[in-house]
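Below is one structure, written out as structure tokens; the observations come after it.
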Amino acid sequence: MRNHVSTTVPASFKPSGAPITPPADDEPPMASPTANTDLVAIWRSMTVGETANTPVGQLLKLLGVRLVEVDPGELTAEGIVGYFSGRIGDAEIQIERTLPQAERESVVRDLLARITPDDRSYTKRSLTGPRLRPAMVGGKPIHIECPSWCYLDHVAENEGFLVDVYHCGDSAALMAPRMGGAPQPVLHARLNADSFGTDVAHQAPHVIVDDETEFAHMTPDQALEFASNLEAFAAQVRAMAEQAASR
């Protein structure tokens with residue numbers, strides 16, 4: 001993602017969702033390690049409902065995130081609606097200056113949900129209609145319809161047959177902290193579509209969840225059900241943690 005930007009947007013919004021312009025020197029200071037620890041504790045203590053009801057500007061300020069507007073077309077030319085990089089206490093979100101206000105808050109909230117204590121980056125891609133993109137199949141150049149969320153280079157992939165060409169989106173990972181060790185991913189999820197495959201059920205866009213051993217292909221409705229299950233699971237884990245902490 002490009003480093004240069006045109007306008008820095010502050011961590012505050014009008015009730016309508018439009019950004020408020022503060023003094024030019026209103027940059028959040030770099031958080032100290034101790035401050036970052038406090039931010040992580042606050043972030044982890046917030047429930048899903050509390051996060052959803054907290055104004056976007058307040059979340060940005062709380063988590064030390066800069067909201068940056070880039071020139072029109074800089075992201076959409078690559079099928080991107082928003083980009084996140086950094087960690088709690090020092091992060092940046094990029095959106096285009098012309099992103100409609102009706103979409104701005106949901107995009108920023110989705111990107112904020114990716115923040116962790118560790119450095120990471122995430123690209124939010126557009127879910128609008130397919131693009132016509134070049135591909136190589138059996139060593140021969142062709143053009144195929146490719147959804148805007150697909151990040152694959154179909155020329156470099158150079159599949160042997162058209163039925164082998166598929167579409168894949170960015171992956172999300174569920175990280176599990178460990179005592180005496182670094183956090184490890186326990187689940188991965190991504191968008192997928194085997195548009196030219198022989199399995200009709202897998203031709204439409206769907207969600208794949210896996211633990212690197214077992215793979216679950218889910219329809220959009222099933223993925224929403226799974227997301228609800230995760231929320232219930234998270235509530236149970238939180239209750240266990242609070243019980244353990246109060247011993």
Side-chain angles (χ1 to χ4, degrees), residues 1-3 5 51 63 65-68 70 73-88 91-96 99 103-135 144-159 164-176 183-197 202-227 230-231 234:
M1 194 56 52
R2 303 177 187 176
N3 293 324
V5 294
T51 303
L63 298 172
V65 180
R66 298 176 300 279
L67 185 58
V68 177
V70 300
E74 186 170 323
L75 301 179
T76 54
E78 300 175 16
I80 298 170
V81 294
Y83 177 76
F84 169 88
S85 65
R87 64 184 184 279
I88 292 176
E92 179 176 291
I93 286 176
Q94 291 184 17
I95 57 175
E96 287 192 359
L99 182 68
E103 301 175 25
R104 182 177 296 245
E105 181 167 337
S106 63
V107 169
V108 173
R109 284 188 181 277
D110 183 49
L111 292 171
L112 279 174
R114 315 287 173 172
I115 197 167
T116 70
D118 303 310
D119 280 308
R120 65 175 305 188
S121 61
Y122 175 77
T123 302
K124 181 176 177 63
R125 297 186 179 276
S126 170
L127 298 181
T128 55
R131 306 159 291 176
L132 198 61
R133 295 185 62 194
I144 61 171
E145 282 195 347
C146 178
S148 57
W149 47 261
C150 177
Y151 72 85
L152 293 177
D153 182 340
H154 294 294
V155 173
E157 292 288 318
N158 194 13
E159 300 287 3
D164 298 321
V165 176
Y166 68 100
H167 305 292
C168 186
D170 293 314
S171 177
L174 177 62
M175 305 296 292
Q184 293 292 329
V186 293
L187 282 179
H188 304 273
R190 65 184 182 279
L191 273 170
N192 197 80
D194 297 321
S195 303
F196 309 100
H202 291 174
Q203 289 177 358
H206 57 280
V207 176
I208 296 178
V209 175
D210 72 90
D211 61 0
E212 300 182 2
T213 302
E214 299 291 333
F215 293 79
H217 294 252
M218 305 178 188
T219 65
D221 285 343
Q222 289 172 331
L224 288 173
E225 180 183 353
F226 178 70
L230 283 177
E231 291 173 356

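Note: hydrogens, waters and symmetry copies are ignored here, and every other heavy atom, side chains too, is used.
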If you round to the nearest 0.5 Å, how far is [atom2] of [Y] from [atom1] of [X]?
X	Y	atom1	atom2	result
Asp110	Leu112	CG	CG	9.0 Å
Ile80	Thr123	CD1	OG1	5.0 Å
Met175	Arg120	CE	CZ	8.0 Å
Ile95	Tyr83	CD1	OH	15.5 Å
His188	Asp211	NE2	CG	8.0 Å
Cys150	Ile144	SG	CD1	7.5 Å

Shortest non-hydrogen contact from [X] to [Y]?
X	Y	result
Val186	Ala176	CG1-CB, 3.7 Å
Ala91	Ile115	CB-CD1, 4.3 Å
Glu157	Leu152	OE2-CD2, 4.0 Å
Pro185	Ala173	CB-CB, 4.3 Å

- Item | Evaluation steps, side chain to side chain contact (heavy atoms under 4.5 Å, CB included), between Leu187 and Val209 | CA-CA 7 Å; Leu187 282 179; Val209 175; 4.1 Å; yes
Are the side chains of [X] and [Y] in touch, meaning some heavy atoms are under 4.5 Å apart?
X	Y	value
Val165	His154	yes
Asp210	Glu212	yes
Asn192	Val207	no
His206	Met218	no
Cys168	Trp149	no
Glu145	Ser195	no

- Query: Are the side chain of Glu96 and the backbone N or O of Leu75 linked by a donor-acceptor pair below 3.5 Å?
  - Reply: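 Judged by distance alone, yes, a pair lies under 3.5 Å.
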- Query: Do Gln94 side-chain atoms and Phe84 backbone N/O form a donor-acceptor pair below 3.5 Å?
  - Reply: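 No, the answer is negative, given that no donor and acceptor are paired below the 3.5 Å cut-off.
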- Residue list, side-chain hydrogen bond (donor to acceptor under 3.5 Å, both in side chains) with Asp170, at least two apart or on another chain: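 Arg125.
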- Task: Using the test side-chain hydrogen bond (donor to acceptor under 3.5 Å, both in side chains), find all partners of Glu214 that sit at least two apart in sequence or belong to another chain.
- Result: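 Checked Glu214 against side-chain hydrogen bond (donor to acceptor under 3.5 Å, both in side chains); zero matches.
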- Query: Taking it one step at a time, do Leu111 and Lys124 satisfy side chain to side chain contact (heavy atoms under 4.5 Å, CB included)?
  - Reply: CA-CA 7 Å; Leu111 292 171; Lys124 181 176 177 63; 3.9 Å; yes
- Task: Using the six-membered ring wherever Trp is involved, compare the ring planes of His202 and His217 and label them parallel, tilted or perpendicular (cut-offs 30° and 60°).
- Result: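 The rings of His202 and His217 lie parallel, inter-plane angle below 30°.
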- Task: Run the salt-bridge test on Arg87 and Asp119 with the 4.0 Å N-O cut-off and return the result as yes or no.
- Result: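 A salt bridge is present here (some side-chain N lies under 4.0 Å from a carboxylate O).
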- Message: Against the six-membered ring of Tyr122, is Arg114 placed for a cation-pi contact (under 6.0 Å from the centre, within 45° of the normal)?
- Response: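 The answer is yes, since Arg114 meets both limits relative to Tyr122.
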